[in-house]
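Sequence lines set the chain letters: A, B, ... in the order given, protein chains first and strands last, and positions in each chain run from 1.
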Amino acid sequence: MTRHEPRTQGKAKIDGGVASDEKHDSARKHVSGEAIYIDDMAEPAGTLHACLGLSEVAHGAITGFDLSDVRAAPGVVAVLTANDVPGDNDMSPTGLHDEPILADGRVQFFGQPVFAVIAETREAARRACRLAKIDYAEEPALIDVADAADDAKLVTAPLKLERGDSAAAIAAAPHTVRGQMRVGGQDHFYLEGQIAFALPGEDGDVTVFSSTQHPSEVQHMVAHALGVPSHAVTIEVRRMGGGFGGKETQANLFATIAAIAAKKLNRPVKLRPDRDDDMTATGKRHDFLIDYTVGFDDEGGILGVDFTYAARCGYAADLSGPVTDRALFHCDNTYFYPAARAVSRPLYTNTVSNTAFRGFGGPQGMVGAERIIDEVAFALGRDPLEIRKKNLYGTDDRNVTPYHQTVEDNVAERVIAELEASADYAARRREIAAFNAKSPVIKRGLALTPVKFGISFTATHFNQAGALVHVYTDGSVHLNHGGTEMGQGLHTKVAQIVAEEFQIDIDQVKITATTTGKVPNTSATAASSGTDLNGMAAQDAARQIKNRLIAFAAEAHDVPKDQVVFLPGRVRIGNREIPFAELIGEAYMARIQLSAAGFYKTPKIHWDRDKGQGRPFYYFAYGAACAEVSVDTLTGEYMVERVDILHETGRSLNRAIDIGQIEGGFIQGMGWLTTEELVWDGKGRLRTHAPSTYKIPLASDRPKAFNVALADWAENAEPTVHRSKAVGEPPFMLAMCVLHALSDAVASVAGHTVCPRLDAPATPERVLMAVERMKAEGAR
Amino acid sequence: MTEVSMTVNGKAARASVPDNTLLVDFLREHLRLTGTHVGCDTSQCGACVVHVNGRAVKSCTTLAASAEGAEVTTIEGLANGELHPMQAAFKENHGLQCGFCTPGMIMSATDMVARYQAAGKELTEEAIRHELEGNICRCTGYHNIVRAIQDGAAKMAAG
């Protein structure tokens with residue numbers, strides 16, 4: 001063989017590169033039961049188990065605190081109270097210092113952790129918890145936002161968005177409608193509950209395995225709670241059994257308690273609450289009360305809007321500031337408001353502190369926008385889809401949002417038009433009208449709703465990410481980045497990106513557990529940003545190594561740099577091709593650094609909250625969905641007959657994963673808007689704290705026909721990683737079409753002349769009540 | 001304490017455990033078979049489904065003692081060198097995301113296929129959806145899970 005002949009017959013394409021439908025990286029382990037979640041880890045000898053003691057009143061001072069029976073119970077090793085927190089008894093992610101790890105002297109919601117029992121077994125800890133004798137001097141409790149006084153306490157500063165003079169626009173409008181809408185909350189019901197497992201180390205060190213979307217924040221919370229520097233604390237998570245936002249801040253409680261106990265007792269401590277405690281003691285999606293006024297012209301053109309979004313935030317701020325901000329950022333959905341005013345009311349309530357949940361307030365904001373569309377349509381006797389299309393953002397004009405960002409990448413009109421055609425909207429609208437005319441009890445409804453969702457953390461500094469890539473001398477690659485895997489396929493996509501850079505098969509890239517020891521100061525895997533941020537950081541790391549390899553190969557083989565080309569499994573250097581691993585071996589011998597830390601920060605974004613102006617979002621993700629439902633107007637029960645979805649993901653990195661996100665997000669959104677109802681009683685007790693009373697969608701709840709398509713023409717207007725788009729949250733809001741199809745079916749009872757004002761969740765009870773209202777109003 | 005003995009994945013298992021030990025804890029803690037998961041603790045979610053004498057049961061509300069003498073199969077025992085056709089179908093059809101519900105889904109799926117085959121009934125898509133009412137998935141929207149079960153059922157019938 002001469003130097004100029006190729007030494008390897010390479011293949012044309014690597015396995016598992018970008019834009020392949022690669023399976024989830026852990027699929028084989030999941031189907032065989034070999035994937036290890038934190039509760040599956042082998043426990044070292046001496047492992048102890050913790051259980052939380054929860055308050056049994058919603059608001060009041062602790063006047064008697066007798067834990068002697070708890071301490072004396074069999075198997076109990078220690079009982080922790082607020083006094084046992086060696087550092088700062090606070091886990092507020094905002095720095096507002098309003099969220100004690102364990103209640104100190106007073107409780108502010110029913111289910112607030114007051115003490116923790118550490119025992120030899122989980123059962124011993126749970127049994128001992130029941131023996132506490134705590135007396136409370138109860139104080140008045142605000143449970144529901146509808147009961148809040150005008151000057152009620154807020155947990156954080158409200159936001160106001162204002163563009164134009166909405167009061168004047170509304171006053172001058174030919175038509176005005178004012179109304180109110182309730183939108184329910186939602187429990188995450190990640191299948192794997194919260195869990196933390198802490199191992200004490202030497203010095204002040206502790207390692208915590210935490211089911212968290214935000215290892216860096218858990219690290220900081222544990223460090224503050226222990227009174228040690230962050231460098232003493234390592235947080236690791238290989239995978240979560242679902243997160244959905246519920247493990248963005250809510251893991252802090254469990255990790256800090258486990259870590260405090262582990263350090264105090266110098267033994268490993270695991271804390272896995274049972275499902276009822278998990279649902280009682282951790283935050284949920286915020287429910288909202290939305291007040292709105294809309295002014296519009298004879299043709300249904302919106303002239304001005306005024307929104308107030310009041311949210312049940314619970315007793316502490318947690319993420320309620322950015323959640324209620326994001327609600328306002330989505331009060332427009334895909335619609336241009338010539339004049340708009342929107343304000344948030346993040347209300348203090350004596351309930352668990354609500355938190356992030358897929359969409360992060362955006363869904364609640366959007367349902368307000370869609371309610372306004374319904375109001376305009378019914379007031380004028382038009383099809384809501386006509387009103388939707390009439391009020392869409394333009395491309396060259398009518399394109400500025402209430403927060404003064406110009407919408408530069410608008411594809412809503414095209415997405416709606418394509419879905420309207422593929423779902424055969426017009427013909428089905430006529431068929432349904434004919435069906436309803438002949439069907440006195442069962443009424444059908446149809447609706448097509450769009451989605452425009454802003455991508456980026458609105459706190460600009462969170463939009464950064466790091467990654468660590470090592471290439472070993474055999475050519476295999478170790479990949480680590482700051483994002484966490486909760487089932488969404490992030491690790492798979494990032495591995496695809498790295499495999500693509502090096503042109504090696506994906507099985508040569510080892511995905512490793514997220515740990516604060518490898519990539520520091522990370523942001524939560526949240527805001528749909530996981531791939532956008534971490535994929536870019538990993539690509540940067542891989543390119544650094546690749547550039548060193550190119551420089552080395554060019555010099556060593558005396559060819560120009562542009563003649564070093566990475567081909568599948570091999571590298572062409574001039575006229576010669578060598579296996580990737582061989583080049584790595586040569587580079588190592590020449591002392592080339594084969595490891596790199598990558599970094600990425602999102603460009604262009606900025607946000608001035610005080611002024612309510614800026615460009616908080618790098619880009620928008622778009623989609624649309626069309627639902628047909630049938631409603632039994634005597635019982636309120638309903639079926640979702642058919643759903644069609646068209647969603648754009650830019651140039652998809654992995655269509656199979658993206659479609660899975662769309663299907664799953666849609667069903668989860670449908671659950672939020674239909675069956676999932678959280679009920680607190682007058683005492684502030686959550687009465688829906690298990691799946692027996694909290695109705696999560698089942699396989700049989702799925703639409704009878706369910707057609708999901710990706711817009712194959714799509715490409716991100718911004719230079720994101722391979723021009724893809726975020727897909728985690730946007731599809732959740734596609735489910736609005738089900739709420740509006742139900743609204744349409746209900747409206748048919750009164751000839752589509754009265755807005756049903758169907759609140760969410762549209763349980764059969766609410767649907768029936770709306771039908772009854774239609775019958776009464778229609779008869780007038 | 002109770003002496004329990006059963007056959008788990010073809011191997012004899014025996015231990016002295018507290019009377020109230022749940023089957024899931026016996027499997028996970030005594031035998032280290034951690035593929036069987038605990039999701040809701042109250043037999044709603046189905047993450048803990050195993051087979052006892054060939055029938056799907058929720059091991060989080062079954063006493064270990066009540067499985068005395070039984071043949072128990074867990075997700076780890078389903079594969080025989082290579083993946084069971086139903087396991088392969090879940091993998092091939094992207095019938096999972098976070099994976100936590102997956103073992104229970106697969107154990108319920110193989111049980112339903114076996115029952116329908118024994119009864120000579122067709123396992124329609126509608127029947128699969130109905131049969132899955134004891135298994136919650138929060139990630140996938142069930143679409144690919146149902147497709148996986150249809151595919152797995154066909155492979156089981158063929159093989």
[X] side chain vs [Y] backbone, donor-acceptor pair below 3.5 Å:
X       : Y       : value
Q97(B)  : G660(A) : yes
D41(B)  : D274(A) : no
Y142(B) : G664(A) : no
R28(B)  : D39(A)  : yes

Under 4.0 Å between a Lys/Arg side-chain N and an Asp/Glu carboxylate O for [X] and [Y]?
X       : Y       : result
R138(B) : E676(A) : yes
E125(B) : K704(A) : no
D40(A)  : R32(B)  : no

Check whether any side-chain heavy atom of E76(B) lies under 4.5 Å from a side-chain heavy atom of E34(A), and answer yes or no.
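No. Closest side-chain heavy atoms not under 4.5 Å.
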Within a strict 4.5 Å, meaning less than it, do heavy atoms of the T42(B) and S692(A) side chains meet?
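Of all side-chain heavy-atom pairs linking S692(A) with T42(B), none is under 4.5 Å.
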Chain A contact via D25(B) - which portion, at a heavy-atom distance below 4.5 Å
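No part of it gets close to chain A.
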Chain A heavy atoms under 4.5 Å from A79(B): which part of the residue, side chain, backbone, both or neither?
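The answer is neither part of A79(B).
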Top of E123(A), Q488(A), E485(A) for chain B proximity - count of heavy-atom pairs under 4.5 angstrom
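It is E123(A).
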Looking at chain B, which one of P697(A), G487(A), G242(A) has the largest number of heavy-atom pairs inside 4.5 Å, strictly under?
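Most pairs with chain B among the choices: G487(A).
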Side chain to side chain contact (heavy atoms under 4.5 Å, CB included) between E133(B) and S700(A), intermediate numbers included
CA-CA 7 Å; E133(B) 283 183 354; S700(A) 50; 2.7 Å; yes
Walk me through whether R702(A) and H143(B) qualify under side chain to side chain contact (heavy atoms under 4.5 Å, CB included).
CA-CA 8 Å; R702(A) 189 204 78 144; H143(B) 189 72; 2.7 Å; yes
Stepwise, does the side chain to side chain contact (heavy atoms under 4.5 Å, CB included) test hold for L96(B) with H24(A)?
CA-CA 8 Å; L96(B) 56 90; H24(A) 190 281; 4.0 Å; yes
Side chain, backbone, both or neither: which part of M41(A) has a heavy atom under 4.5 Å from chain B?
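Backbone of M41(A) only, per the 4.5 Å heavy-atom cut-off to chain B.
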Is chain B contacted by the side chain of Q661(A), its backbone, both, or neither, given a heavy-atom distance below 4.5 Å?
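Both parts, heavy atoms under 4.5 Å.
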Evaluate L83(B) against S32(A) for side chain to side chain contact (heavy atoms under 4.5 Å, CB included), listing each step before the verdict.
CA-CA 7 Å; L83(B) 292 179; S32(A) 59; 4.2 Å; yes
